[in-house]
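The structure appears right after this line, and notes come after that.
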There are 2 protein chains.
Amino acid sequence: MIEAGARRREIDEVASELFHANGYAATSVRDIAKALDIQGASLYAHVASKEDVLFSIVNRAATDFEAAATAAEAERTSGDPVERLAALVEAHVDVVTSDPERASVFVTEWRHLSADRRAAVADRRDAYERRFRATIEEGMSVGAFRQTDPAIAATFILTALNGIAGWYHPDGRLSADRIADHYVDLALRALSEDHR
Amino acid sequence: MIEAGARRREIDEVASELFHANGYAATSVRDIAKALDIQGASLYAHVASKEDVLFSIVNRAATDFEAAATAAEAERTSGDPVERLAALVEAHVDVVTSDPERASVFVTEWRHLSADRRAAVADRRDAYERRFRATIEEGMSVGAFRQTDPAIAATFILTALNGIAGWYHPDGRLSADRIADHYVDLALRALSEDHR
DNA sequence: CCTACCGATCGGTAGG
DNA sequence: CCTACCGATCGGTAGG
């Protein structure tokens, strides 16, 4: 038998593409249904509301980012804060490039969630950003990174990484791996001791 | 007498705030009118369409970024590509922080423009990004920056800069000037020769 | 800048 | 998953 959640996942996938391309507010329930070749009202056999679809996409993305960061932090080399930051950056880029639509929706559309859900997502985002900041702070304290504002540095790096979701295409000039390499290098150098 | 365009500018200002806070598609003409204490239909005494308001905001932002970059490139010190990139980054941050709502709408809402207008804005954005890329390339060719992919480096830096529009508040922890200093430093180091 | 109004579309429900 | 339908709201126009 066909797995129960298959249609539900199809809805999220199709909706991710549409929300990414046109934005949540400019995408109608009927747009999503049309992409699935069903009637608009039929979508409500699978979901309770349009916002639930957005929430599902955003939650999945948040979970993916968290899991990837946890795996990165568990790597052998990650006792060294420099290597750990490299692993965190690489993991983030991997999540973005493996599903840029979902990542893009996560980054840009979460303001359309209800206040409660928005707050819950904000908490997870803050916690995630804190992992980057903590690693930057540790690198600074052991002298591997220069002294600078860790919050600004973390925000600088994370917004640059998230920007990839806005332009990445699997068939683009650079592979996901090469993009990750470049972004790791740029991020680490931004925190390096000397320049000029 | 009150200047003719005053009301028109007020519309753009109020609309910038609403588009920034809720997005273009989720902001109704009546929302804009309400913020101006007039009736929804009365807005059409001043503008031909909702999209024209967005286009006006986006154009103004594009012009501001271009003018600031031109001024930065005209600085005495800008014969040196490192100093020129520093000036470009600082100018960009200045434009963003002097009107974060407008900058944010420029960065995130231009996809809601008609195809023609979107293409015109895309051209201006591309040309603007090329100025950053050209300066990075020049810095690389004179050995002031390390050899790396200039397009990726320019995108990395510009998306980080644009991200400021999403979180900057005039009464925040750091002043606009200090944010600019940090971002100049982070951007230049990202392109620096050595690390580790 | 207002009142009055337009057709179209929105998210969602009822009942099968 | 469908047909039929709901009230609300949308961007925009007419005519002052």
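Just so you know, these numbers use all the heavy atoms, side chains as well, and skip hydrogens, waters and symmetry mates. Sequence lines set the chain letters: A, B, ... in the order given, protein chains first and strands last, and positions in each chain run from 1. Please read these numbers as outputs of a predicted model, since none were measured by experiment.
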Check this for me: does any side-chain nitrogen of one of A:Arg102 and A:Asp12 sit under 4.0 Å from a carboxylate oxygen of the other?
no
Return the nearest nucleotide to the side chain of [X]; candidates are [options].
X	options	value
B:Tyr44	D:dG11, D:dC1, C:dA4	D:dG11
B:Ala41	D:dT3, C:dT3, C:dC1	C:dT3
A:Ile38	C:dC1, D:dC2, D:dG11	D:dC2

Kindly say if [X] contacts the phosphate of [N], meaning a side-chain N or O under 4.0 Å from OP1 or OP2.
X	N	value
B:Arg7	C:dC1	yes
A:Ser28	C:dC10	yes
A:Ser42	D:dC2	yes

Taking atom [atom2] of [N] as reference, at what distance in whole Å does atom [atom1] of [X] sit?
X	N	atom1	atom2	answer
A:Leu18	C:dG11	CG	C1'	16 Å
B:Glu51	D:dC10	CD	P	18 Å
A:Ile32	C:dC10	CD1	P	11 Å
A:Asp52	C:dT13	CG	P	11 Å
B:Asp31	D:dA8	CG	C1'	14 Å
A:His112	C:dC10	NE2	P	15 Å
B:Leu54	D:dG12	CG	P	12 Å
A:His46	C:dG12	NE2	C1'	15 Å

Hunt down the Watson-Crick or G-U wobble partner of D:dG7, both distances under 3.5 Å, from any strand shown, or write none.
C:dC10
Base paired to C:dC2 (Watson-Crick or G-U; both N/O distances under 3.5 angstrom)
D:dG15
Between the side chains of A:Thr77 and A:Arg84, is a donor N or O closer than 3.5 angstrom to an acceptor N or O?
no
Under 3.5 Å, is there a donor-acceptor pair between the A:Arg124 and A:Asn59 side chains?
yes
Let me confirm one number: the CG-CD distance from A:Leu43 to A:Gln39, rounded to the nearest 0.5 Å.
11.5 Å
Nearest nucleotide by nearest heavy atom, which residue falls closer to the 5' end of DNA chain D, A:Gln39 or A:Arg30?
A:Gln39
Given A:His92, which of A:Tyr183, A:Phe106, A:Phe65 fulfils the ring-ring contact (aromatic ring centres under 6.0 Å, His included) condition?
A:Phe65
